[in-house]
*Asks:* 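Just passing along the structure, written as structure tokens.
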Amino acid sequence: MKENIITHHYQITLEDRIKLNNHNSFLLWFTGLSGSGKSTIANVVEQKLYQLGIKTYTLDGDNIRKGINKDLTFSPEDRTENIRRIAELANLMVDAGLVTLAAFVSPYKKDRENIRSIVKDVNFVEIYINTSVEECERRDVKGLYKKARAGEIKNMTGISAPYEAPENPDIEINTETESIEGAAKRIVDYITPKLSRQ
Ligand SMILES: Nc1ncnc2c1ncn2[C@@H]1O[C@H](COP(=O)(O)OS(=O)(=O)O)[C@@H](OP(=O)(O)O)[C@H]1O
Ligand SMILES: Nc1ncnc2c1ncn2[C@@H]1O[C@H](COP(=O)(O)OP(=O)(O)O)[C@@H](O)[C@H]1O
């Protein structure tokens, strides 16, 4: 029963962890089609932050859909639940003081708005990896588009399931005109002043 769950207040707070780490914590949320470049860019961003001495952790399909969310499919309801659980997990990581990177298709606007309400607005950075479905299909990194065209995969985002593009993302990357390195640098330049405790 929820009413019987009573919050315990711990002495060590996020403020204390921020002081110890000497940087603020954030959630960098990468959204875009499969093959758009979310993981590739997040990976380079994390390396750059690591080199700056920032404490980070990345959540992506491998550690989530094969673990905590292995019971979920790609139906609209399960995608919503997938993103909700990840947002709750990311919120704990931000509270732990980490700059958390999350790379998920997250195709529904309402689900992304829900992340913003779970993780405080000021801690949430929405990064839209804008790559056309034509380019993602051309890359077809995992062979999923081919399978979707052959009808072997249902609900494939961009082919047989919707992707609702962010209208007002904090950062938008067009990978058809911007290099991996250039995109990663732009994200790090955006976040660096916000990491400072002053
Ligand atoms: N039907 C369908 N639609 C989209 N993607 C699919 C699908 N089936 C499997 N995959 C693979 O699963 C990865 C997407 O998982 P996510 O958890 O990011 O999806 S979602 O946010 O719940 O929509 C996605 O990984 P990325 O390529 O890294 O985006 C795909 O490899
Ligand atoms: N400018 C770019 N930014 C990101 N990825 C790019 C770019 N140009 C080409 N790619 C390639 O596109 C693919 C993106 O795959 P991936 O990062 O796994 O996408 P996602 O995580 O969105 O599914 C990689 O093979 C990557 O090398």
Side-chain angles (χ1 to χ4, degrees), residues 27-48 57-91 93 100-116 118-119 124 126-166 169 171-190:
L27 171 58
L28 306 182
W29 187 277
F30 295 76
T31 173
L33 294 171
S34 174
S36 58
K38 302 180 297 296
S39 321
T40 301
I41 296 171
N43 190 25
V44 179
V45 168
E46 186 173 29
Q47 288 174 65
K48 288 184 184 296
Y57 191 74
T58 297
L59 299 169
D60 83 355
D62 276 349
N63 53 26
I64 297 296
R65 274 199 177 266
K66 288 182 185 161
I68 192 170
N69 286 353
K70 68 179 176 192
D71 57 322
L72 300 179
T73 68
F74 288 91
S75 70
E77 300 73 28
D78 278 10
R79 289 186 199 242
T80 294
E81 177 60 8
N82 182 43
I83 300 307
R84 187 195 69 78
R85 288 186 202 167
I86 297 162
E88 292 288 355
L89 201 53
N91 189 39
M93 292 192 157
T100 308
L101 299 90
F104 296 92
V105 174
S106 42
Y108 298 117
K109 218 168 155 212
K110 67 169 175 30
D111 294 343
R112 296 191 303 264
E113 277 161 13
N114 192 37
I115 309 165
R116 205 181 272 280
I118 291 173
V119 178
F124 180 69
E126 186 179 45
I127 303 167
Y128 173 29
I129 306 299
N130 185 356
T131 308
S132 66
V133 68
E134 292 77 17
E135 174 62 12
C136 292
E137 193 166 1
R138 198 188 59 73
R139 291 180 190 166
D140 208 2
V141 185
K142 299 172 181 166
L144 296 177
Y145 288 96
K146 194 162 173 244
K147 284 190 185 162
R149 292 290 183 199
E152 290 165 31
I153 296 181
K154 292 181 181 63
N155 286 332
M156 180 66 195
T157 307
I159 304 289
S160 44
Y163 179 79
E164 299 170 1
I171 305 175
E172 181 167 344
I173 307 287
N174 182 332
T175 70
E176 288 160 80
T177 54
E178 197 164 0
S179 69
I180 297 167
E181 185 62 27
K185 185 175 181 307
R186 197 148 69 79
I187 295 166
V188 172
D189 287 349
Y190 177 91

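Starting from 1, each residue takes its place in the sequence as its number. Remember, it's a predicted structure, so these values are computed and weren't measured experimentally. Atoms within each ligand, like the ligands themselves, are counted from 1 in listed order.
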*Asks:* Does some non-hydrogen atom of Ser179 fall short of 4.0 Å from ligand 2?
*Replies:*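 It does, in that a heavy atom of Ser179 comes within the 4.0 Å cut-off of ligand 2.
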
*Asks:* For atom 1 (N) of ligand 1, grab the closest protein heavy atom and report residue, atom and distance to one decimal in Å.
*Replies:*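 Answer for atom 1 (N) of ligand 1: Asn155 O, 2.7 Å.
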
*Asks:* Quick one: look up the protein heavy atom nearest atom 20 (S) of ligand 1 and list residue, atom name and how far away it is.
*Replies:*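 Answer for atom 20 (S) of ligand 1: Asn82 ND2, 3.7 Å.
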
*Asks:* Would you check the N or O atoms of Gly37, main chain and side chain alike, for any that come under 3.5 Å of an N or O of ligand 2?
*Replies:*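 Yes; the residue has a nitrogen or oxygen that sits under 3.5 Å from a nitrogen or oxygen of the ligand.
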
*Asks:* Mind checking ring-ring contact (aromatic ring centres under 6.0 Å, His included) for Phe104 and listing every partner two or more places apart, or none if nothing turns up?
*Replies:*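 With neighbours one apart ignored, the set is Trp29.
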
*Asks:* Are any of the N or O atoms of Ser39 closer than 3.5 Å to those of ligand 2?
*Replies:*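 By distance alone, the answer is yes.
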
*Asks:* Considering only protein heavy atoms, which is closest to atom 17 (O) of ligand 2, and at what distance to one decimal place?
*Replies:*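 Ranked first by proximity to atom 17 (O) of ligand 2 is Thr40 OG1, 2.4 Å.
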
*Asks:* Return the residue, atom name and 0.1 Å-rounded distance of the protein heavy atom closest to atom 23 (O) of ligand 2.
*Replies:*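 I find the closest protein heavy atom is Gly35 N, 2.7 Å.
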
*Asks:* Is there a heavy atom of Asp60 sitting under 4.0 angstrom from any atom of ligand 2?
*Replies:*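 Outside the 4.0 Å threshold, so no.
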
*Asks:* Taking the basic N atoms (NZ, or NE/NH1/NH2) and the acidic carboxylate oxygens, is any pair closer than 4.0 Å for Arg138 and Glu135?
*Replies:*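 Counted as a salt bridge, because a side-chain N and a carboxylate O are separated by less than 4.0 Å.
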
*Asks:* May I ask you to identify the nearest protein heavy atom to atom 28 (O) of ligand 1, giving residue, atom name and distance to one decimal place in Å?
*Replies:*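 Sorting protein heavy atoms by distance from atom 28 (O) of ligand 1 puts Lys142 NZ, 3.0 Å first.
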
*Asks:* What protein heavy atom sits nearest atom 16 (P) of ligand 1, and how far away is it?
*Replies:*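 So the nearest neighbour among protein heavy atoms is Arg65 NE, 3.6 Å.
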
*Asks:* Provide, to 0.1 Å, the distance between atom 23 (O) of ligand 1 and the closest protein heavy atom, together with that atom's residue and name.
*Replies:*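 The answer is Arg79 NH1, 2.8 Å.
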
*Asks:* Identify the protein heavy atom lying closest to atom 4 (C) of ligand 1, giving its residue, its atom name and the separation to 0.1 Å.
*Replies:*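 The answer is Thr157 OG1, 3.4 Å.
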
*Asks:* State, without any angle test, whether Thr157 and Arg79 hold a side-chain donor-acceptor pair at a distance under 3.5 Å.
*Replies:*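 There is such a pair between these side chains.
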
*Asks:* Of all the non-hydrogen atoms in the protein, which one sits nearest to atom 30 (C) of ligand 1, and at what distance?
*Replies:*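 Looking at atom 30 (C) of ligand 1, the protein heavy atom closest to it is Leu144 CD1, 3.3 Å.
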
*Asks:* For Gly61 and ligand 1, answer yes if some heavy atom of the residue is under 4.0 Å from a ligand atom, otherwise no.
*Replies:*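 No, Gly61 has no heavy atoms under 4.0 Å from ligand 1.
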
*Asks:* How long is the straight-line distance from NZ of Lys38 back to CG of Leu33, given to the nearest 0.5 Å?
*Replies:*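 One finds 7.0 Å between CG of Leu33 and NZ of Lys38.
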
*Asks:* Test the Arg112-Tyr163 pair against the cation-pi criterion, namely NZ or CZ under 6.0 angstrom from the six-membered ring centroid and within 45° of the ring axis.
*Replies:*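 That pair qualifies as a cation-pi contact.
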
*Asks:* Purely on distance, is any nitrogen or oxygen of Phe74 under 3.5 Å from one on ligand 1?
*Replies:*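 Phe74 vs ligand 1: no N/O contact under 3.5 Å.
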
*Asks:* For Gly32, state whether at least one heavy atom is located under 4.0 Å from any atom of ligand 2.
*Replies:*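 False for this residue.
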
*Asks:* Distance to 0.1 Å, residue and atom name: give those for the protein heavy atom nearest to atom 24 (C) of ligand 1.
*Replies:*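 So the nearest neighbour among protein heavy atoms is Ser34 OG, 4.0 Å.
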
*Asks:* Can a non-hydrogen atom of Ala103 be found less than 4.0 Å from any atom of ligand 2?
*Replies:*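 Ala103: no contact with ligand 2 (<4.0 Å).
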
*Asks:* What protein heavy atom lies closest to atom 13 (C) of ligand 2? Include the residue and the distance to one decimal.
*Replies:*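 For atom 13 (C) of ligand 2, the nearest protein heavy atom is Val141 CG2, 3.7 Å.
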
*Asks:* How far is atom 1 (N) of ligand 2 from the closest protein heavy atom, and which atom is that?
*Replies:*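 Its nearest protein heavy-atom neighbour is Glu178 O, 2.8 Å.
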
*Asks:* Between Lys48 and Glu181, does any NZ, NE, NH1 or NH2 come within less than 4.0 Å of an OD or OE carboxylate oxygen?
*Replies:*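 Salt bridge flag = yes for Lys48 with Glu181.
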
